[in-house]
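To start, the structure under review is shown below, and the notes come after it.
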Amino acid sequence: RPATMNAFELISTSQGLNLGILFEK
Amino acid sequence: MGCFQSKARRQYPGHEDLVLLASQTAFSISEVEALFELFKSISSSVIDDGLINKEEFQLALFKSGKKENLFANRIFALFDVKQKGVIDFGDFVRALNVFHPNAPHEDKVGFSFKLYDLDGTGFIERKEVKQMLIAILCESEMRLSDETVELILNKTFLETDVNQDGKIDKAEWENFVSRNPSLLKIMTLPYLRDITTTFPSFVFNSEVDDIAT
């Protein structure tokens, strides 16, 4: 399945890009 | 036993700073003050000097300051616009402004382009996408063969690199994200709409008499 995905779709799932976590207490 | 410098720096932003930041962003003065509550907790987690260093940033994102992450490093570098190695409160507010639900779409597109243009050449190159792909595979502990990685890269560049010159320019990126809006989801933080409710303690340190959001 990953082979059918676009690289950017995979990249955007990185924890390092999830700034929302800063607001979760 | 504190050091004078760290004490001096740990001040609350003055009224003029708040007004200036509010005027430069989509945030109200009260919202800027609420963001300061968040900034304060992150910037004091390792060294209480009123600045966010890379370790503190990683600690806030991963609950571990030791975890190196390519994407967290990129976000840190983009927040640290003056390349000082630390994020000050102004940097923090102005960068988060791009993530506001009401921020202009083109700002989000521009920020995401810079995020993926790792070496800042003005193009997202195949080697950069490969580097990021390998990083996300390591992060998620997903194992893919080199052949599969190359297949993903081929497919990605077929979809994005319209003029087929081997790199993605800004116009190609704009075109691609307009067809795939879900890729910009990471560029919007709904929390920023409600920041004064998330950090209500800002009222105790408020510089404004009439709290309006």
Side-chain angles (χ1 to χ4, degrees), chain A, chain B residues 38 41-42 57-58 60-63 67-76 95-96 99 112 115-116 124 129-130 132-133 135-137 139-140 142 144-145 147-149 151-153 155-160 168 173 176-177 180 182-192 194-195 198-199:
Chain A
R1 190 179 130 79
T4 66
M5 289 181 85
N6 184 290
F8 294 107
E9 285 176 57
L10 286 166
I11 291 164
S12 65
T13 63
S14 170
Q15 178 64 43
L17 297 178
N18 178 20
L19 292 187
I21 203 159
L22 302 179
F23 301 86
E24 289 166 8
K25 291 182 185 174
Chain B
L38 172 62
S41 75
I42 301 174
F57 193 68
Q58 284 167 344
L61 281 181
F62 302 106
K63 315 298 170 210
K67 191 165 178 177
E68 271 291 320
N69 179 287
L70 174 71
F71 305 103
N73 284 349
R74 271 313 282 158
I75 295 264
F76 185 89
L96 280 180
F99 292 81
S112 64
L115 186 64
Y116 298 140
I124 304 173
V129 184
K130 186 170 183 174
M132 291 188 276
L133 198 49
I136 185 73
L137 293 175
E139 189 186 320
S140 58
M142 198 192 295
L144 292 181
S145 66
E147 197 189 355
T148 308
V149 167
L151 278 175
I152 295 173
L153 289 170
K155 177 185 151 59
T156 303
F157 275 77
L158 209 57
E159 288 174 356
T160 50
I168 302 161
W173 181 250
F176 180 62
V177 293
N180 298 276
S182 66
L183 289 177
L184 283 191
K185 221 175 141 193
I186 53 162
M187 289 305 308
T188 293
L189 297 169
Y191 302 91
L192 291 174
D194 228 7
I195 193 77
T198 313
F199 299 100

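Only a predicted model underlies this, so the values are computations on that prediction, with no experimental measurement involved. As a basis for the values below, the full set of heavy atoms in this structure was taken, side chains included, without hydrogen atoms, waters or symmetry mates. Convention: sequence-line order gives letters A, B, ...; per-chain numbering from 1.
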Just checking Lys185(B): does its NZ atom have more than 12 heavy atoms from other residues, nucleotides or ligands closer to it than 6.0 angstrom?
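No.
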
Tell me whether Glu147(B) at atom CD has more than 12 heavy atoms from other residues, nucleotides or ligands lying less than 6.0 Å away.
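No, the 6.0 Å shell around CD holds no more than 12 heavy atoms from other groups.
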
Could you check which of Leu192(B), Leu96(B), Leu183(B), Leu158(B) has the highest count of heavy-atom pairs closer than 4.5 Å to chain A?
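Maximum pair count with chain A is reached by Leu183(B).
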
So, the side chain of Gln15(A) versus the backbone of Phe62(B): is there a donor-acceptor pair under 3.5 Å, distance only?
no

Give the ring-plane orientation class for Phe8(A) versus Tyr116(B), where under 30° counts as parallel, over 60° as perpendicular and anything between as tilted.
tilted

[X] [atom1] to [Y] [atom2] distance, which is reported to the nearest 0.5 Å:
{"X": "Ile11(A)", "Y": "Leu133(B)", "atom1": "CD1", "atom2": "CG", "result": "6.0 Å"}
{"X": "Leu17(A)", "Y": "Asn69(B)", "atom1": "CG", "atom2": "CG", "result": "7.5 Å"}
{"X": "Leu151(B)", "Y": "Met5(A)", "atom1": "CG", "atom2": "CE", "result": "15.0 Å"}

Please give me the minimum heavy-atom distance between Glu139(B) and Ser14(A), naming the atom from each residue.
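Taking Glu139(B) first and Ser14(A) second, the nearest heavy atoms are OE1-OG, 2.7 Å.
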
Smallest heavy-atom separation, Thr156(B) atom then Ala7(A) atom, equals OG1-N, 2.9 Å

Side chains of Asn6(A) and Glu159(B): donor-acceptor distance under 3.5 Å anywhere?
yes

Using heavy-atom distances under 4.5 Å, tell me whether [X] contacts chain A through its side chain, its backbone, both, or neither.
{"X": "Phe99(B)", "value": "side chain"}
{"X": "Ile168(B)", "value": "side chain"}
{"X": "Phe157(B)", "value": "neither"}
{"X": "Leu115(B)", "value": "side chain"}

So Leu189(B) and Leu22(A), side-chain contact (heavy atoms from CB on, under 4.5 Å) or not? Walk me through it.
CA-CA 10 Å; Leu189(B) 297 169; Leu22(A) 302 179; over 6 Å; no

Quick one, Leu61(B) with Leu19(A), criterion side-chain contact (heavy atoms from CB on, under 4.5 Å). Give me CA distance, side-chain angles, the key distance, then yes/no.
CA-CA 7 Å; Leu61(B) 281 181; Leu19(A) 292 187; 3.9 Å; yes

